[in-house]
Q: 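Would you mind keeping the following structure in view while I ask a few things?
Chain naming here is simple, since letters A, B, ... match the order of the sequence lines and numbering starts at 1 in each. All figures in this text were calculated on a predicted structure; none of them were measured in a lab. Side-chain atoms are counted along with the backbone in the values below, which use heavy atoms only and exclude waters and symmetry mates.
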Protein chains: 2
Amino acid sequence: MSRRELDPRKELILKVVTDDYIESAEPVGSRTIARKYNLGLSPATIRNEMADLEEGGYLKQPHVSAGRIPSHQGYRYYVDALMSQQDLTEEELAVIRSYFADRSRELDSILQQTVKILSQLTRYPSLMLGPTLKPSIFKHVQLISLSAHDLLVLIVTDMGIIENKVIALEAPVSQGDLDRVSYLLNKKLRGQPFAKFKSSLFREIRDEMKADNGIFQKAVDLILKTMETRNKERIYLDGIINILDHPEFKEVEKFKLLMELMEEEERLYRLLSTRQQGIRISIGEENQEEAAQECSLITANYEVGGQVVGTNGVIGPTRMEYAHVVSVVDFMAQKLSEFLSKL
Amino acid sequence: MSRRELDPRKELILKVVTDDYIESAEPVGSRTIARKYNLGLSPATIRNEMADLEEGGYLKQPHVSAGRIPSHQGYRYYVDALMSQQDLTEEELAVIRSYFADRSRELDSILQQTVKILSQLTRYPSLMLGPTLKPSIFKHVQLISLSAHDLLVLIVTDMGIIENKVIALEAPVSQGDLDRVSYLLNKKLRGQPFAKFKSSLFREIRDEMKADNGIFQKAVDLILKTMETRNKERIYLDGIINILDHPEFKEVEKFKLLMELMEEEERLYRLLSTRQQGIRISIGEENQEEAAQECSLITANYEVGGQVVGTNGVIGPTRMEYAHVVSVVDFMAQKLSEFLSKL
DNA sequence: GTTAGCACTCGCAAAAGGCGAGTGCTAAGC
DNA sequence: GCTTAGCACTCGCCTTTTGCGAGTGCTAAC
C-alpha cells in the first residue's frame, strides 16, 4: 500500500491531526496543534503543511473556516504507516484471559459472550461470524421423534451442536427405528472430519440404509442434505448502543441506516465473510455495504487447526480508535482460536 | 376499572382526541376536531368539554397555546372503554396463517420468526418470552463426549431442543459408557411431563446409577440439576428500529434508554413475565421499568394444553395504535398456542 | 524555509421578531 | 341553560439578524 510517500514532518502532522480528531471529534486547527503538541512549529508553518496535505488528499476541511479532518485516504495512510501500536492494558488482558479460563459452556453461548466482551472492551458495536463446519469433527447425530410425523435431527461436532432441524415425515416411525438409524449413521461417521464428507460417502450410507429399511429413504436423504449444505453460519452481535456515544450518529437517520444493516443477517454476512488471514481494516468507502460507508470495520479471522473458520470484529465511525481496537480484536481472535482448538 | 364515568359527549371527544393524536403525533385543538370530524359541535363547545376533560385528568396540554393530548389516565380510559375493535385485515390474517402452516422448523427459529412477523405487522418493536419447560413432555436426553473431559448434555422436549450444556468431567469416559447412561435415563424419563419431575424421581435414578457405575455420579448429578433448575427462558426481540419512526424518539437519548433496556435480558424478563391470562396493556408509568415509562406495552400469554407457557408482545410509545396492536398480539398468541399444542 | 501580522470567511449560538394555532372568557342567541 | 360567535391574549416555533470566534490564506519580513 501507500507508505513512506510523505516526508517525516507531514507524517507527523497527519498523525497528530488524526489522533486529535479521533479523540475530540472536532476538526483540528493549526493553532490547536501548535499549542497542544509542542512540535516546535508555528501555526503558520503547520498551516502550510496542512494545506499541502489537503492538496495531496490526506486531509479535508468540512468548511472553509474550520480545522482539518482526515480524509479516507488520510485514515488509510495513518492505519498503514503512522498508527502507534497500543498494547492492551493489564485489566483488558485479565478480562479476556479469565473469560477464556472458564470452559464449561456450550458453543453458542461462548460466542455470544465473546462478542459481548469485545464490545465492552472496545466500546463499539461488535460482530462475529460463527464457525464453519468444515474443520470440525463429526461427533454425533441423533434422530428424535417429537410426534408421529415430526423428527428432530441433531448434529453435534467436537465444538458443540451445530445443527438442529425438525423434519416432517410422511409415514410415522417409532423411536426404536430412529435409534437404529442414528446408530448406523454414528457408526459410519463418528470421528470423521467434516471436510472429508463427500457425496460418495453419503451415497454409500444411503445404499446401506435402503437395504435396511426403505421407509427411511426420504428422511435419510434429508439428513444427508442437511449435513452437506448446512445453513449460513450464525451471526452474533452486541453493544450496538455504543455507537450512539459518537456524535456522527446523533442524527437518528444515520443511526437508523446502520441499525437496519444490523438487523439483516444477509448483509452482515457479506460484510464479514472473507477467508483472508490476519487483521483486516476497511475504512469508509472501502466497504461495499453502503450503510457502512461512513464507518470503519476492523475484523480478524479466528482459526481451528490452522484453518480459518470464522470472523470477529468491530464496527465504528471512521473516526475510530484504530490502534486500540486492532489490538483487542486481534488478541480476541487469537484467544478464541486457541480456545476452540483445544476443544 | 374506570369506565362509564364520563358522559357520552365527553367520551366522544376523548376518543376523537386520542385517535387523532395517535395518528398525527400532534396535540389536537378544538378547531381541528370541529373541522375534521363533523361532530355537529362548534370549536367553542369542544373547548369547554376539553377543559372539563383536562380538569378530570384525562387530557393535558403540553403548553398553554397548544392543543390537547391524552394523559395516561386518558389512554387508560380509552383502552378500557372507548377503543373501537379493529379486526385484522385479510392480508394480515393470511400472513400469520401461512406462516404457521409451514411446520418443519425447530422451536428456536419458530420463535425467532414469530417475533419478526409480529414486528412487521405492528411496525413496533416486539418481544417474546420463550416457553417454560413445565408443561412439556420429556423426549430425550443424550450425553455426547466432545473430548476426553468434556461432555455435551442435550435435553429434548416434545417442542424441540430446550437445553444443551457442556459439562467438564474429572475422569475421562468413553462414548460407549455415555450411551449406556443416556439409555438408562431415557428409559426412566421418556414420555414424562416435566411438571412431574420431582426430587424423589431424581434420587431414585441417581441411586440406580450409583450401583451401576460410580464415576458417573458427578455427571449425573449435574445433569439432574440442569433439569431441575433450568436457565431463564430465552428472550426474542425484533424490529427495534421501528421505534425510530416515531417522533417521541427522535432525540437519541430517549432511544438510548430504551435500547439499553433491550440489551438487558434480566430487565426484559421482569418486564414481560407474568402468568396473568389474556391480553395485558401497561400504559406509561404503569410499567415498573423506568426506561419504559414513556412507552406502552401490550402483551398476551400463549399456552400449551391450557397452561400459560410464555408471553409475546409489542412495545411502543404511549401514543400507540392500541386497537390494531391488541388484535395482532392477541391473534398471534392464539395461533402460537395452537401451533405449539399441536406439536 | 519559517513566522508574524492581518484581512477575510463562515459556521454557530444567541437574540429578536413575527406568525399562527390554540386558548379562555364574555356576551348574545336558541 | 346549553351553545356559539367574537375577541384579546398566550406562547411555542420558525425565520431572520447579529456578533463572536476559530480558523484560514496571503504577504512580507526575518
Side-chain angles (χ1 to χ4, degrees), chain A residues 6-14 16-21 23-71 74 247-248 250-251 319, chain B residues 6-14 16-21 23-71 74 247-248 250-251 319:
Chain A
L6 294 175
D7 67 61
R9 198 169 71 182
K10 286 202 174 52
E11 286 197 341
L12 178 63
I13 287 177
L14 178 55
V16 165
V17 168
T18 309
D19 282 337
D20 196 84
Y21 183 61
E23 195 195 318
S24 70
E26 298 287 331
V28 358
S30 54
R31 250 179 84 81
T32 316
I33 295 180
R35 205 181 331 112
K36 202 161 155 190
Y37 293 92
N38 270 35
L39 306 183
L41 297 171
S42 77
T45 310
I46 294 169
R47 259 196 313 274
N48 288 332
E49 293 289 35
M50 292 206 300
D52 290 353
L53 283 167
E54 182 165 0
E55 190 153 359
Y58 298 96
L59 293 181
K60 61 185 180 185
Q61 273 182 297
H63 36 260
V64 184
S65 72
R68 257 75 171 207
I69 63 177
S71 65
E248 19 294 77
K250 69 174 193 296
E251 298 136 62
R319 185 189 59 78
Chain B
L6 294 175
D7 67 62
R9 197 168 71 182
K10 286 201 174 55
E11 286 197 341
L12 179 62
I13 288 177
L14 177 55
V16 165
V17 169
T18 309
D19 281 337
D20 196 84
Y21 183 60
E23 196 195 316
S24 70
E26 299 286 332
V28 359
S30 54
R31 249 179 84 82
T32 317
I33 294 180
R35 204 180 334 111
K36 202 162 156 189
Y37 293 92
N38 271 34
L39 305 184
L41 297 171
S42 76
T45 310
I46 295 169
R47 262 199 306 278
N48 288 333
E49 294 289 34
M50 292 208 297
D52 290 352
L53 283 167
E54 182 165 0
E55 191 154 359
Y58 298 96
L59 294 180
K60 62 186 178 184
Q61 273 182 295
H63 37 260
V64 183
S65 71
R68 256 74 171 207
I69 64 177
S71 65
E248 26 282 86
K250 68 173 193 296
E251 299 136 61
R319 185 189 59 77

Q: Would you please name every residue forming a salt bridge (charged side-chain N to carboxylate O under 4.0 Å, His left out) with B:Arg31, sequence neighbours left out?
A: none
Q: Please report, rounded to the nearest Å, how far the P atom of C:dG24 is from the CD atom of B:Glu55.
A: 11 Å
Q: State, with a plain yes or no, whether a side-chain heavy atom of B:Asp20 is found less than 4.5 Å away from one of B:Tyr37.
A: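 Answer yes - side chains close enough.
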Q: Could you check how far CG of A:Asn48 sits from P of C:dG1, rounded to whole Å?
A: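 After rounding, the gap between these two atoms is 11 Å.
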Q: Does A:Asp52 have any side chain to side chain contact (heavy atoms under 4.5 Å, CB included) partners at least two apart in sequence or in another chain, and if so, which?
A: A:Lys10, A:Glu49
Q: Identify, between B:Pro43 and B:Pro62, the residue whose nearest nucleotide on DNA chain D lies closer to the 5' end.
A: B:Pro43
Q: Distance check needed: C:dG1 P versus A:Asp7 CG, whole Å only.
A: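 About 11 Å, once rounded to whole Å.
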Q: May I have the list of side-chain donor-acceptor pairs in residues 39-47 of chain B shorter than 3.5 Å, sequence neighbours left out?
A:
from	atom 1	to	atom 2	distance (Å)
B:Ser42	OG	B:Ala44	N	3.4
B:Ser42	OG	B:Thr45	N	3.3
B:Ser42	OG	B:Thr45	OG1	3.2
B:Arg47	NH1	B:Ser30	OG	3.3

Q: Quick one: which protein N/O atoms are closer than 3.5 Å to N/O atoms of nucleotides 22-24 of chain D? Pair and distance per line, please.
A:
from	atom 1	to	atom 2	distance (Å)
D:dG23	O4'	A:Ser65	O	3.4
D:dG23	O3'	A:Ala66	O	3.4
D:dT24	OP1	A:Arg68	NH1	3.3
D:dT24	OP2	A:Ser30	N	3.3
D:dT24	OP2	A:Ser30	OG	2.7

Q: I need the CG-C1' distance between B:Leu41 and D:dT4, as an integer number of Å.
A: 11 Å
Q: A:Leu59 CG to D:dG25 P: how many Å, rounded?
A: 11 Å
Q: Which residues pass the side chain to side chain contact (heavy atoms under 4.5 Å, CB included) test with A:Lys250, sequence neighbours left out?
A: none
Q: For A:Asp19, give me all partners under side chain to side chain contact (heavy atoms under 4.5 Å, CB included), at least two apart in sequence or on another chain.
A: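 Side chain to side chain contact (heavy atoms under 4.5 Å, CB included) check on A:Asp19 returns A:Lys15, A:Tyr78.
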Q: Atom CD1 of B:Ile46 to atom P of D:dT4: distance rounded to whole Å?
A: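 Atom CD1 in B:Ile46 sits about 9 Å away from atom P in D:dT4.
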Q: Taking atom C1' of D:dT10 as reference, at what distance in whole Å does atom NE2 of B:His63 sit?
A: 11 Å
